[in-house]
Amino acid sequence: MKIGILSDSHYKSDYTKEVIEFLKQKECEYLIHAGDLCIEENLKLLEQSKLKYISVFGNNDASLLSFANKYNIKQEPYLFKIEDIKFKLMHLPFYLNANDSDIIIFGHTHMFETEYNNGTLFINPGEVCAREKPLIECVMLEINENEYIINYYSKDINKNTFLEKEIKYERK
């Protein structure tokens, strides 16, 4: 199973569109957005991707509250399952206790990070908006029977191709 993960699009719908198209080319089956979409256009892009998606409100998404019934955007922390894997999705990294989830996805810091600790995978995909650094970032998580493969992608806003860094964890 391949899952595209993004966060912190802010007002950069052109970058959001680019990331979604890139993750679709990588054959992702799902998209997960960890908040700070900021404008309806970014929600529309998730919807128009034709992939199954989920997103949460970030601290800059108050203007999107009225769209909660139109798009698949939830209050944080949002717990859900894909197949037999339990996910917790949030924007603010306040609910990082791992007793209720196999995978915890968060945003807000605009910094990519991943850690596998005591059977729980933590992922922050970094930022789509290239606000803190001139990089557009996203993650593809591949879940196999015995391992998690995290592919971190970053693209300089002045270049044409994404760079890739692969991290593997043995599932316990």
### Query
Does a donor on one side chain sit under 3.5 Å from an acceptor on the other, for H110 and E127?
yes
#### Entry: D36 and H108: side chain donor to acceptor below 3.5 Å
no
### Message
For the aromatic rings, using the six-membered ring if either is Trp, is the centroid distance between H91 and H33 under 6.0 Å?
### Response
no
### Task
Go through I3 and F87 one step at a time and tell me if the side chain to side chain contact (heavy atoms under 4.5 Å, CB included) criterion holds.
CA-CA 12 Å; I3 301 169; F87 288 82; 3.6 Å; yes
## Note on the structure
Taken in chain and number order and not counting sequence neighbours, the residues that satisfy side-chain hydrogen bond (donor to acceptor under 3.5 Å, both in side chains) with E18 are K155
#### Entry: Side-chain donor/acceptor of N124 to backbone N/O of G107, under 3.5 Å
yes
### Query
Taking only residues at least two apart or on different chains, which pairs with a member in residues 127-157 satisfy ring-ring contact (aromatic ring centres under 6.0 Å, His included)?
F22-Y153, F112-Y152, Y116-Y148
#### Entry: Residues D100 and K88 bridged, charged N to O under 4.0 Å
yes
## Note on the structure
What one should report as the nearest heavy-atom pair of G4 and C28 is N-SG, 3.5 Å
#### Entry: salt_bridge(K17, E41) N-O dist < 4.0 Å
no
### Query
Relative to each other, are the rings of F67 and Y71 parallel, tilted or perpendicular (30° and 60° limits)?
perpendicular
### Task
Hydrophobic side-chain clustering at under 4.5 Å (ILVMFWY, transitive links): who's grouped with I39? Put none if nobody.
Y11
### Query
Taking atom types as modelled and ignoring hydrogens, do the side chains of S13 and N42 form a donor-acceptor contact shorter than 3.5 angstrom?
no
### Message
If you compare all heavy atoms of L31 against all heavy atoms of S49, which two are closest, and at what distance to 0.1 Å?
### Response
CD1-OG, 3.6 Å
### Query
Do NZ/NE/NH1/NH2 and the carboxylate oxygens of K70 and E40 come within less than 4.0 Å?
yes
